[in-house]
Chemist: 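Got a structure for you, questions after.
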Amino acid sequence: MLDKHGIARRIAQELQDGWYVNLGIGIPTLIANYIPEGISVEFQSENGILGMGPFPTEAEVDADLINAGKQTITAMPGASIFDSATSFAMIRGKHIQLTVLGAMEVADNGDIANWKIPGKMVKGMGGAMDLVASADNIIVAMMHTNKRGKSKLLRNCTLPLTGVKCVKKIVTNLAVLDVTDQGFKLLERAPGVSVEDIENATEGRLIIDGDIPEMNI
Amino acid sequence: MLDKHGIARRIAQELQDGWYVNLGIGIPTLIANYIPEGISVEFQSENGILGMGPFPTEAEVDADLINAGKQTITAMPGASIFDSATSFAMIRGKHIQLTVLGAMEVADNGDIANWKIPGKMVKGMGGAMDLVASADNIIVAMMHTNKRGKSKLLRNCTLPLTGVKCVKKIVTNLAVLDVTDQGFKLLERAPGVSVEDIENATEGRLIIDGDIPEMNI
Amino acid sequence: MQAYLSLKTLLFYIVKEQKGEMNKVVKNAQTAIQGIKDGMTLMLGGFGLCGIPENCIQALVDAGIKDLTCISNNAGVDDFGLGLLLQKKQIKKMIASYVGENAEFERQMLSGELEVDLVPQGTLAQRCQAAGAGIPAFYTPAGFGTEVAEGKEVRYFDGKPHLMEHAFDAPFAIVKAWKGDAFGNLVFKGTARNFNPLMAMAGKITIAEVEELVEVGQLDPNTIHTPGIFVQRIFQGANYEKRIEQRTIRS
Amino acid sequence: MQAYLSLKTLLFYIVKEQKGEMNKVVKNAQTAIQGIKDGMTLMLGGFGLCGIPENCIQALVDAGIKDLTCISNNAGVDDFGLGLLLQKKQIKKMIASYVGENAEFERQMLSGELEVDLVPQGTLAQRCQAAGAGIPAFYTPAGFGTEVAEGKEVRYFDGKPHLMEHAFDAPFAIVKAWKGDAFGNLVFKGTARNFNPLMAMAGKITIAEVEELVEVGQLDPNTIHTPGIFVQRIFQGANYEKRIEQRTIRS
């Protein structure tokens with residue numbers, strides 16, 4: 001079973017040289033720490049920067065340089081700054097090669113819910129609806145089950161949707177899965193996790209085709 | 001009767017302090033030479049500059065600084081440069097207070113034709129269609145009749161239209177006229193021009209209400 | 001760019017350009033917000049607390065203008081940014097993409113005192129830009145199949161569903177820039193740019209507060225982010241706190 | 001903006017960013033235009049002869065690629081700019097707003113050899129921007145009641161008629177900038193900016209030729225006009241003529 005850092009590390013293996021990547025808040029943010037050797041990617045933050053660098057040192061902190069999570073950041077050499085319309089032009093116009101975000105629920109047709117729990121506080125969708133509606137390559141990074149042990153990989157989402165039929169791949173603490181027309185296709189098991197563990201934790205349609213290898217992580 | 005410079009001088013009287021103005025090619029360009037004392041305006045050229053200055057001296061010529069007529073220009077202090085989308089955002093978004101352009105024909109309902117003569121060479125509309133469709137304040141600067149003596153102020157345009165019901169005011173070599181729901185309303189006569197001269201040169205509906213003063217120019 | 005003009009030309013023209021209506025400088029925030037009335041719709045620049053018009057927000061609090069509809073990506077925090085207007089219950093309706101980090105906001109929303117319209121961030125940005133550019137409506141894929149799509153026209157392009165979204169309409173926009181001049185030209189710094197240039201284009205009257213007001217001609221025309229035509233009033237603000245929401249440090 | 005990063009941090013990260021796929025530098029125009037085939041649609045930046053990709057146009061002439069559809073505000077003059085491609089009859093269709101000043105263009109159009117689609121200049125710009133921004137369609141008042149409106153959807157907003165216009169679709173865009181770096185970041189000079197940043201956004205593959213290729217990190221992130229994400233290939237051009245169409249001098 002993976003922890004949050006393990007999930008980030010596994011997703012980092014998906015990165016390809018030269019990609020522009022948008023990382024959501026939470027687990028996705030951790031991915032920046034695990035970029036494979038020999039791979040160069042640029043991180044976009046939708047509040048208006050491309051080429052986001054690591055968090056600043058105390059001396060580098062600048063209130064005018066933050067990411068979409070409102071965290072202080074740095075700019076890498078070759079970075080560029082732009083307004084919010086240009087930022088979402090990059091997103092909507094499919095200039096970003098990979099979007100990684102968290103989710104509360106994913107359905108086996110690729111629907112995703114991650115912005116609202118009716119009856120509870122609604123914080124808003126931020127840029128998530130634009131990201132999921134536009135990106136060709138969306139990976140969801142999340143725990144396989146919620147705090148009450150209920151599966152987050154469902155036949156149908158129960159929460160208000162963020163986007164329909166958009167998620168392509170899911171990396172959880174238990175598994176790596178593709179979203180296909182027939183449902184979740186199990187690709188890899190986390191270290192020490194059995195196919196049965198994954199079956200038990202998955203409510204949506206699960207396709208198990210042949211031997212399922214353990215992640216190489 | 002006015003010459004081209006006279007027409008430009010009369011239109012310059014319409015300028016108000018603080019206005020942003022787009023001047024078309026031809027007579028309109030001459031207006032910049034007759035800005036009244038105590039009035040500050042900024043000229044926009046739709047290829048992407050606000051705060052266009054006079055033509056350059058030989059030493060100032062820069063191939064990367066031209067106006068929409070492809071003439072070399074200068075930039076005034078306080079000028080700004082932008083791309084074509086931003087430029088037409090200014091135009092379409094009604095940020096320009098006055099647009100002056102030439103015309104081949106104007107109808108008494110405000111229709112304008114100035115981009116195409118069927119069977120002859122078509123040079124294209126450039127930015128004229130955007131300008132006339134968007135500007136709240138459009139003045140046409142032109143000769144009252146064409147080279148064959150035919151009126152250019154018509155009941156209906158005969159040439160392909162550039163825009164419909166958009167012209168607000170016309171300044172010709174003979175007169176100043178407003179476009180109203182009832183047709184061209186004669187406001188002023190050019191020096192030495194009679195009301196009858198103007199009636200003879202105007203094919204569209206002409207409203208003559210009371211004494212028509214001579215221009216103060 | 002000043003180099004394009006000879007000194008002689010420059011001196012000849014600069015005198016008359018510096019005065020009159022082209023000079024948009026007002027005294028302070030209090031003067032700048034004149035004309036903003038109860039019940040109006042305002043656009044306010046900023047992302048989180050980054051690049052927000054601190055001086056004008058305080059002036060709106062001081063002036064006690066109420067029943068405002070505020071279009072802004074966020075709603076500040078409890079004791080800063082738009083949170084200050086929320087505390088005094090001056091906001092009737094909030095149009096935003098993300099409103100977390102604000103307990104008073106939550107309380108007012110749940111009690112029904114505050115109306116909230118949540119808009120996807122990219123759609124929010126594009127609706128501002130469209131307003132400034134005279135584009136009344138456009139199509140975007142964002143929000144199809146979600147609550148956001150309710151009541152909106154769906155149209156397919158290349159087989160993919162899109163929603164029709166409309167330009168915003170705001171009599172006033174308030175933005176914050178790094179530098180500006182008397183003509184209203186603005187330059188932003190870092191990610192404090194965000195929604196500011198878009199909202200500057202969109203306001204019928206746009207108020208810009210700047211950290212530094214420079215002489216006309218000091219800003220390079222090539223690097224101006226917001227041409228002065230989009231700004232109607234400008235002033236040099238004071239006492240910028242520039243509060244940081246998430247001070248995240250690398251060890 | 002480099003000041004935001006300590007020298008230590010900078011040196012730590014700069015090494016790995018300089019190589020690999022993020023480095024978009026190609027050798028020259030000939031290499032840059034690889035993949036452009038007969039019959040393709042190209043966007044080409046520039047207004048008149050100002051800010052046109054001189055090197056790539058020459059490379060297209062040399063490569064003899066034909067039946068091209070060119071989206072460009074103008075069509076050059078007889079012996080420069082796109083006029084060079086017209087001379088060799090490499091252009092099948094021209095999408096532009098203004099095509100005067102070109103006798104060969106006129107001849108080909110009148111003889112029916114050349115197909116011409118005239119688009120209002122603001123609509124042309126917006127259709128490029130929309131393509132880059134993933135906006136498939138938008139509404140504009142330009143052209144209502146004219147030939148341009150033929151076959152287009154008319155829709156009223158606030159009682160005013162608008163036409164629906166679609167985003168362009170171009171596999172290649174070719175732009176010319178003043179400075180650029182290996183990541184594809186671009187800076188333009190003066191009115192040579194014009195359509196270039198919009199077309200850079202719109203091309204599936206965007207080729208940028210620049211007068212000066214600078215080191216990554218040299219361009220101030222705050223003043224970059226086109227972020228590198230929009231550019232796939234870049235090279236430093238040579239022998240720029242920068243011909244002036246109307247050399248107008250003040251006495």
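These numbers were taken from a predicted model, which means no experiment stands behind them. Throughout, protein chains are lettered first and strands after them, A, B, ... in sequence-line order, and every chain is numbered starting at 1.
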Chemist: To the nearest 0.5 Å, what is the distance between CD1 (I229(D)) and CZ (F82(A))?
Modeler: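 Answer rounded to 0.5 Å: 7.0 Å.
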
Chemist: Heavy-atom pairs under 4.5 Å with chain A: which of G132(D), A167(D), A131(D), A133(D) has the most?
Modeler: A133(D)

Chemist: Under 4.5 Å, counting heavy-atom pairs only, tell me which of M90(A), K94(A), Q44(A) racks up the most with chain D.
Modeler: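 Ranked by contacts with chain D, first place is M90(A).
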
Chemist: So which bits of residues 23-34 of chain A come within less than 4.5 Å of chain D, counting non-hydrogen atoms only?
Modeler: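 The stretch does not come within 4.5 Å of chain D.
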
Chemist: Search all heavy atoms of Y20(A) against all heavy atoms of M22(D) and return the closest pair with its distance.
Modeler: OH-SD, 3.7 Å

Chemist: Below 4.5 Å from any heavy atom of chain A, which atoms of K204(D) appear? Answer side chain, backbone, both or neither.
Modeler: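 Neither part.
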
Chemist: What do you reckon, is NZ of K160(D) surrounded by more than 12 foreign heavy atoms closer than 6.0 Å?
Modeler: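 Correct, the count exceeds 12.
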
Chemist: Measuring from atom OG1 of T86(A) to atom CZ of F230(D), what distance do you get when rounded to the nearest 0.5 angstrom?
Modeler: 6.5 Å

Chemist: Any chance NZ of K152(D) has more than 12 other-residue heavy atoms, nucleotides or ligands included, within less than 6.0 Å?
Modeler: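 Enclosed.
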
Chemist: Taking all atoms of both residues into account, what is the closest heavy-atom pair of I224(D) and S80(A), and its distance?
Modeler: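 I224(D) and S80(A) have their closest heavy atoms at CD1-CB, 3.9 Å.
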
Chemist: Would you say that more than 12 heavy atoms from the other residues, nucleotides or ligands in this model lie under 6.0 Å from the CD of Q30(D), or not?
Modeler: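 Count not over threshold, so no.
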
Chemist: Under the 3.5 angstrom rule, does the side chain of N185(D) hit a backbone N or O of A79(A) as a donor-acceptor pair?
Modeler: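 Checking the backbone N and O of A79(A) against the side chain of N185(D), no donor-acceptor pair under 3.5 Å is found.
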
Chemist: Tell me, yes or no, whether the heavy-atom count around K4(A) atom NZ, taken from other residues, nucleotides or ligands under 6.0 Å, exceeds 12.
Modeler: no

Chemist: Would E21(D) and W19(A) count as a side chain to side chain contact (heavy atoms under 4.5 Å, CB included) here? Give the steps.
Modeler: CA-CA 8 Å; E21(D) 292 295 318; W19(A) 272 10; over 6 Å; no

